[in-house]
Amino acid sequence: QAQLVESGGGLVQAGGSLRLSCAASGRTFGYEIGWFRQAPGKEREGVSCLSTTDGSTHILYSWMDRVTTSRDNAKNTVYLQLKRLKVEDTGRYYCAAGPDPRRGGSASVCPRQYTYWGQGTQVTVSS
């Protein structure tokens, strides 16, 4: 039903910024879009969530003040703006789509499980 493709990664110096894009090839309206980081040898860690329905967002605590996520529903694209990047932010960044947990009564915008995943885009931060 949907395919997600990330782009925008690259090599950046510490303190710099990158804007990552998550483009959907199918309909994703009604889904929540999560961003994740996976460092080599580590499991994926959540970064943020965004509702394509109303634009509400949640930024995980460790990323607070350094990340914003936004949507452009006309382009079926969600963005992740990374700021003041650190060397330890290096990893592969993935976007994923999952059902809105609020439909099940949850107060969270972040799904517990995601249905679709992109292939990721590499972010490397140098000192």
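Just so it is clear, the values below take in all heavy atoms, side chains as well, and ignore hydrogens, waters and symmetry mates. Just so you know, these numbers come straight off a predicted model, no measurement behind them.
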Students often mix this up, so state it plainly: with edges at 30° and 60°, are the rings of Phe36 and Trp117 parallel, tilted or perpendicular? tilted
Quick check for you: to the nearest 0.5 Å, what is the distance between Ser48 atom OG and Arg66 atom CZ? 12.5 Å
I need the Trp35 CH2 to Trp63 CH2 distance, nearest 0.5 Å.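 Between atom CH2 of Trp35 and atom CH2 of Trp63 there are 11.5 Å.
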Does a side-chain heavy-atom distance below 4.5 Å link Thr68 with Lys83? yes
Can you confirm whether the side chains of Thr53 and Arg102 place a donor and an acceptor under 3.5 Å from each other?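 Side chains of Thr53 and Arg102: no pair found under 3.5 Å.
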Have Arg112 and Ser106 got a donor and an acceptor in their side chains that come within less than 3.5 Å? no
Shortest non-hydrogen contact from [X] toward [Y]:
| X | Y | answer |
| --- | --- | --- |
| Thr121 | Gly9 | OG1-N, 3.1 Å |
| Pro99 | Gln113 | CD-O, 3.9 Å |
| Leu18 | Val12 | CD1-CG1, 4.0 Å |
| Ser127 | Ala14 | CA-CB, 4.4 Å |
| Val47 | Tyr93 | CG2-CE2, 4.4 Å |

State whether Tyr94 and Arg37 meet the cation-pi test: NZ (Lys) or CZ (Arg) under 6.0 Å from the six-membered ring centroid, and within 45° of the perpendicular axis. no
Is there a donor-acceptor pair under 3.5 Å between the side chain of Glu6 and the backbone N or O of Leu20?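 No, the answer is negative, given that no donor and acceptor are paired below the 3.5 Å cut-off.
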